[in-house]
Amino acid sequence: MSTPDLDEFIAASARVLALPADPAWYPTIRFNLEVTFRLAALVADFQLPDDAEPAPVFRA
Amino acid sequence: MSDPAEASALDIARAVREGATTAGAVVEAALARIAALNPVLNAFTDLTADRARARAAAIDARRAKGEQLGPLAGVPFAVKNLFDVAGLPTRAGAKINRDLPPAARDSPLIERLEAAGAVLVGALNMGEYAYDFTGENVHDGPSRNPHDPARMTGGSSGGSGSAVAGRLVPLALGSDTNGSIRVPASLCGVFGLKPTYGRLTRARTFPFVASLDHVGSFARSVADLAASYDAMQGPDADDPVCAARPAEPAAPTLAAGLDGLRIATAGGYFRHGLSPEGHAALATVAAALGVTRAVAWPEAPRARAAAYVITCAEGAALHIDRLRTRAKDFDPAVRDRLIAGAMVPAGMVVQAQKFRRWYQARVLELFRDVDAVLLPATPCTAPRLGQDTFTLDGVELPVRANLGLYTQPISFIGLPVVAVPVPLAPLPIAVQIVAAPWREDVALRIAHALEERGAVRAPKPAGWSPPPGGGRSAA
């Protein structure tokens, strides 16, 4: 994602989530999102079957 | 017990039981060391001196009446300030939490240690809300490394590492979500135990990432680590994650030796970015154990990535109301990570949790062929306080996020680990001994064997001289 796209995402997400993201904080928030999205892509690249169970299992 | 600062927890307890000293004298000596050293180390944020003196007096009164004393009689200990201590607001390293009402009751782990005779003397500095690997805290100041107060303790249990390495107390509790016991144990040069996920109750501790949070202890000897662990085990209905299995004491088998244990190292990811000191520490430990076998650890980088994604999203979910109402009272670095975490799409988190299940199954297959794996604990020795980046394998990376490079893939699936300090000069660095789930006894046995062979120990910080009264002060 480009910097303007990410900044737009941050601004929209902050409005939707009612988070007080001051534009002065955007560079650090953007940096953290870039790292997280890069690492999430590494996880997403790993092919798992549709019936793969997530780790936390609720037990009634 | 010639030097109370150097005495182990078990030596103190024996001396108190035998009447060679009193719990009162031990506690006064600990309080004196804290008064002398904490202005430099900044390990303690709260002292419980009155409570400690009263408790010590009760222990001495029981002995005078001929009553049996517990295995940790008179042993001073302290806890990371995310453990509830009756009468104190549970800071969790945060300015915001200081507005909480005082805790009504101690954490059960404090209750269990005190039931064994230990004496709580205070609460310890930590990174804000445990989202930290450095030991720095903008509200309370950084905890400082006793081997060089200009260097990081590691975090987030920074005060715990500093207090034990600095000889303020022989025993401390911490928490570990992604490495927060093992990183400070490595940088401060003490032993740290992160038990199996669900082994020790987390009730009445301030959470961070519920699906990853563990609690454990720091000590300067393996026997002390095992004694504290044994005193804290057992089910607890107040923590739904705490296993319903009975206590499985590790101390009785500590000296069982290495016979029958299959131990290996792992290369690949766990060698990338490792400093020469980290390589030297691993080689020392492997040589002392005669380990030549190496195993292929599956998908460690992806496991670290998935742990990272779950951490930022779950952590953000925990704090979202505080972010909305008190954003400016957070450490800015923590705040911005949490705000970013609140924006992570749910699909990424679910995928990380699915991967986690797959990864756990593969790693458990590995443990059919080995009983323990030796891994580095941190990429390097303690960085300088305020240092933002370091260079690993020629790549400049942020210190804060990368000190836990080698610890995250392990806590991600809740494996038990003992971090053992290798006393390199001028700064120590630890190795992780990783065992199969519920086999803390195996990791502790190996750690004990290494200690017996002289390969690992909690080194005495250089540059300190004893002040009047038997304590230590900064040179």
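The chains referred to below are lettered A, B, ... by the order of the sequence lines, with proteins before strands, and numbering in each begins at 1.
Your options are B:Val350, B:Val309, B:Ile413, and the one with the most heavy-atom pairs under 4.5 Å with chain A is B:Val309. In terms of heavy-atom pairs under 4.5 Å with chain A, the best-connected choice from B:Arg335, B:Gln360, B:Met348 is B:Arg335.
Qualifying salt bridge (Lys or Arg N to Asp or Glu O under 4.0 Å) partners for B:Asp331, counting only residues two or more places apart in sequence or in other chains: B:Arg400.
In plain terms, the two heavy atoms of A:Thr36 and B:Val344 that are nearest each other are CG2-CG2, 3.7 Å. Closest approach of B:Phe355 and A:Val43 over heavy atoms only: CB-CG1, 4.0 Å. For the residue pair A:Leu17 and B:Met343, the shortest heavy atom distance occurs at CD1-CG, 4.3 Å. Considering all non-hydrogen atoms of both residues, B:Arg302 and A:Leu42 come closest at NH1-O, 2.7 Å. For A:Glu53 against B:Arg357, the heavy-atom pair with the smallest separation is O-CB, 3.1 Å.
Although no hydrogens or angles enter the test, the distance criterion places no donor-acceptor pair under 3.5 Å between the side chain of B:Arg337 and the main chain of A:Asn32.
Of the atoms belonging to B:Glu299, it is side-chain heavy atoms, and not backbone ones, that fall under 4.5 Å from chain A. For A:Ala41, no part lies under 4.5 angstrom from a heavy atom of chain B. Looking at A:Phe31, the atoms closer than 4.5 Å to chain B (heavy atoms on both sides) all sit in the side chain, from C-beta outward. Contacts of B:Pro398 with chain A are made by side-chain atoms alone, with heavy-atom separations under 4.5 Å and no backbone atom involved. For a residue to count as touching a neighbouring chain, one of its non-hydrogen atoms must lie under 4.5 Å from one of that chain's; by this rule B:Tyr308 touches chain A with the side chain only.
Side-chain atoms of B:Trp358 and A:Pro49, non-hydrogen and from C-beta on, never get closer than 4.5 Å to each other. Side-chain contact between A:Leu19 and B:Ile320 is present, with at least one heavy-atom pair separated by less than 4.5 Å.
Residue pairs meeting the salt bridge (Lys or Arg N to Asp or Glu O under 4.0 Å) criterion with at least one partner in residues 306-326 of chain B, sequence neighbours excluded, are B:Asp99-B:Arg326, B:Asp321-B:Arg324, B:Arg326-B:Asp329.
Shown here is A:Glu34, whose CD atom has more than 12 heavy atoms of other residues, nucleotides or ligands within 6.0 Å.
Summarising the geometry, atom CG belonging to B:Asp336 is positioned 11.5 Å from atom OH belonging to A:Tyr26; distances are rounded to the nearest 0.5 Å. Distance check, rounded to the nearest 0.5 Å: CG of A:Leu39 to CD1 of B:Ile310 gives 12.0 Å.
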